[in-house]
Amino acid sequence: MSSDVLAIQNAEAASRPWVETLHEWVTTVDHKRLGILYILYALVFLIIGGIEATIIRIQLMRPHNDFVSPQVFNRMFTMHGTTMIFFVAMPILFGFANYLVPLMIGARDMAFPRLNAFGFWLTALGGFLLYFSFVGGSGLYGAGSAPDVGWFAYAPLTSRAFSVGHSADYWTIALLVSGFGSISTAINIIATILCMRCPGMKLSRMPLLAWLNLVMAGMVILAVSPLTAAQIMLSIDRYLGGHFFDTQAGGSATLWMHFFWIFGHPEVYVLIIPAFAFASEIIPVFSRKPIFGYPVMVAATICIGFIGLSVWAHHMFTIGMNSYANSFFVFTTMAIAVPTGIKIFNWLGTMWGGKIQFKTPMIFCIGFLLQFLIAGLTGVMMSVAPFDWQLGNSYFVVAHFHYVIVGGILFCLFGAFYYWFPKITGRLLNETLGKLHFWLFAIGFHLTFDSMHIPGLLGMPRRIYTYEPGRGWEIWNLIETIGVFVQGIATLIFVANLVLSYFNGPKAGNDPWDAWTLEWSVSSPPPVYNFASIPTVASRRPLWDLKHPEDPDSHYE
Amino acid sequence: MRIVETMQKADWPAIISRVVGVAVLVAGVLLAAGLCTAAPQDNSVPSIFDSHSTPADSIRHLSHFVLGITGLIFLVVFSLLSYVVVKFRRRVADAEREPAQVYGSTQIELAWTIIPILIVVVLFLATARVIHAIQDAPRPAEAVEVTAIGHQFWWEFRYPKLGIVTANELHVPVSDAAHPTPTFLKLLSADTDHSFWVPQLAGKTDLIPNHPNGTWIDPHETGLFLGQCAQYCGTQHAKMLLRVYVDTPEDFNAWVRGQQEPAKRDEKEAAGRHVFETTACLNCHAITGTNGTGRFGPDLTHLMSRRTIASGAAENSAQNLRLWIQNPDSIKPGSLMPAMKLSDADLDALVRYLETLQ
């Protein structure tokens, strides 16, 4: 489709009443629009989850602070965790997968467009239900509001004896509903990647982003299903007199832990693998070299996928498993460091000998490399079960997983925004604001999460709304809180950059980064059906072949 | 098609500031590690690196080994990253030419697969040894036995062999290397999940309802060691504090004898006892020699032998007792102790009576 047709469409869109435009967006089954909806939806929740984090940090700024009551504090950390995992990280990564996978494999849409829309609206309903608990959570009991059971909601705290009212039910149903949404999206991604690749794109020629999302989607099906089952079991306990997790009637609290963490740990990889995918696209382009060791990168990802399913009980080293079970999970957990290490080395190998351009997407990815390295090493420390008996459930573990999620995933995501924003909107993001965003966010991140390790080593457990003075925790907590505000300012700069550049940014053209994958071969934003004629590829970098007919990749692969 | 890069020079300060930033960061981590290990003598900072008990010591030794290995890996990879970022920046001179396109190298990739595997094997063996040493440690005949029961939001300690029931403040004898008297704890929960964590004495172990657990400590130094509940257990998880007094054998025996006495019965304070026996107090609290046998709250038979009330949330003083009885939320909002709303006369009598419970 030519740009003239697009211009006509835009002119038409401008003259139509907004209700019609809204109707189009609500009923859309287009993968690009659904991708954008996912991303915008997640950004809204990112702000909400960020506000909750700020409330937590203000409360903990000094000992015996009374900024919020313990009840409110407990709701805040429950909502913060649940929101950030289920209604920020997953939707935003699904959004990028939705937008990018068909474009990168030369397809016109996802395999099941209507299932795609269904998945998004289920996720949206889930987030709505979770937040409706602030209004409806009290129910007829007049007790409880938003859920306050923690994001992993250990039994029996979720039983009716300890969670009166309906707040825990809203939590359960929100996760149940969004779980179905996630599973349908995962099925869709797998079907799309396996069935819709353009001619010539063998599995071994797929962009790494598609490969990694394929593994991620497989893990979603295996991980989210047990969580969904557990939510149904919990509802049976609460309303139908079941005793799965009801310890007063012979139920098992550890059963819930197993169900939750067989979801919870693979979930970490569900989130980080798409982040790896962004890094694996961005680093080569800004190093001007192909990814180093493509087959090994694919193999390492699949390895992470499989091993990632066998490490869940390392979240449970303190629950009194016997020494053999503990040793088994120590071994699997340490083993996962090997393929993860391979990835880091291969990214370094990609940059080695390249000509690195320090554009905003790239500096976010370099920040990711450093921070993910540290996160991985603190992860190795906690895989050592005896060390974990000290570190687990302390602020050290909070620092560790925020290093993974913020320092790793969010940095890659920011990189992805700067990298693909021009494709999605047709305009480049402002580089100066982007660099300011990076440096401020990095400074805030390190202030908060570097210092957060220390009180954990000094015996500060997580999820406490206040603490005693004189235990050596005060100064670190104060620094953490200051860092949060720096990150907040950086995030505002990012949002401002998104808005300003959307309206006034320089036109991007088809291929602003001189990149090599198929999405850069179409206009920005891409036409409705992506490709007027389905492309044919002969290598992993079809646009390289096009730009360098004298020396195409297809000669070497 | 190609974008000409024009801002190479401007990147140098960025790189330098990054390197400096990271150097500051590493220095900060080292400084912090120093601070952690150099905790004050009075044990007010419950640092995991300031251990005074056998299991915590083995964890500390293992952690030094792990920190050494991970620190080394960090230095190697971080140096590589810094080198790559500085060395392979695009320069203006030949911005137009693409670098050599390298697709991979089997030897190098094999190397950075096999070396990490070897490191993992070493780490695993070291870890498995310590897991076994701590978890499967034999229980000597002289070991003190304690049953710790987690409640929302306090600790019940029962010494089955000694016939003692107390709360929140655990007393154990110091353990001499020649004649070890470790304390073995059986961990139970009355309601939700809790976790027993005194960082200087041992790693944490959860108290899970319907799932008995165990842990042990072997302190070789006397003193007070602080800890707290480390598994979110409800509204007042934060003020479920834990104090372990490690006593000399003489002090411990004296404490045991004191705790084994029945409650003091001072007839001057009969009025206060009457308040205790005729209000809701006795639904939850026990005092020997009265008709109060409740187990929902702490046993008060020797209340005044404890230095804190409300699971360590407040000092045990007459004033705090009054406050706690009349309005527990002022000390620990959300605790399960109800506000008793006694008349001033009754409250005075009750507090005077409680103060006799040495």
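Predicted model only: the values in this text are computed from it and were never measured. Lettering follows sequence order; numbering is per chain, from 1.
With 3.5 Å as the limit, one finds a donor-acceptor pair spanning the side chains of Asn326(A) and Gln135(B). At a cut-off of 3.5 Å, with distance as the only test, no side-chain donor of Trp197(B) or Asn393(A) sits close to an acceptor on the other residue. Between the side chains of Gln236(B) and Tyr465(A), at least one donor-acceptor pair of N or O atoms lies under 3.5 Å. Between Gln231(B) and Arg462(A), the side chains place no donor N or O within less than 3.5 Å of an acceptor N or O (distance only, hydrogens not considered).
With chain B as partner, the option from Ile464(A), Val384(A), Ile344(A), Thr318(A) having the largest number of non-hydrogen pairs under 4.5 angstrom is Thr318(A).
Centroid-to-centroid, the aromatic rings of Phe77(A) and Tyr232(B) come within less than 6.0 Å.
The closest side-chain heavy-atom distance from Asp193(B) to Met257(A) is below 4.5 Å. Between Phe345(A) and Glu109(B), the closest side-chain pair of non-hydrogen atoms is not below 4.5 Å. Here the side chains of Val85(B) and Phe358(A) are in contact, with some heavy-atom distance below 4.5 Å. Counting heavy atoms from C-beta on, the side chains of Phe387(A) and Thr127(B) never come closer than 4.5 Å. Looking at Pro156(A) and Pro209(B), their side chains come closer than 4.5 Å, going by heavy atoms from C-beta outward.
With a 4.5 angstrom heavy-atom cutoff, Ala126(B) does not touch chain A via any of its atoms. With a 4.5 Å cut-off on non-hydrogen atoms, Ala100(B) touches chain A through its backbone but not through its side chain.
Distance CD1/Ile319(A) to NZ/Lys204(B): 14.0 Å, rounded to 0.5 Å. With rounding to the nearest 0.5 angstrom, the CG atom of Leu373(A) is 9.5 Å from the CZ atom of Phe78(B). A distance of 5.5 Å separates NE2 in His64(A) from NZ in Lys239(B), rounded to the nearest 0.5 Å. To the nearest 0.5 Å, atom CZ of residue Phe292(A) and atom CD1 of residue Ile108(B) are 5.0 Å apart. Note that CE of Met321(A) and CG of Asn213(B) are 10.5 Å apart. Values are rounded to the nearest 0.5 Å.
Contact detail for Pro290(A) and Gln101(B): the closest heavy-atom pair is CD-OE1, 2.9 Å. Taking every heavy atom of both residues into account, Leu157(A) and Cys233(B) meet most closely at CD1-O, 3.6 Å.
Heavy atoms from other residues, nucleotides or ligands lying under 6.0 Å from NE2 of His61(B) number more than 12.
Looking only at distances, no side-chain donor or acceptor of Asn210(B) sits under 3.5 Å from a matching main-chain atom of Ser252(A).
For Lys186(B), the side chain to side chain contact (heavy atoms under 4.5 Å, CB included) partners are Thr147(B), Leu188(B), not counting sequence neighbours. In this structure Thr378(A) satisfies the side chain to side chain contact (heavy atoms under 4.5 Å, CB included) test together with Met381(A), Phe396(A), His400(A), His453(A), sequence neighbours excluded.
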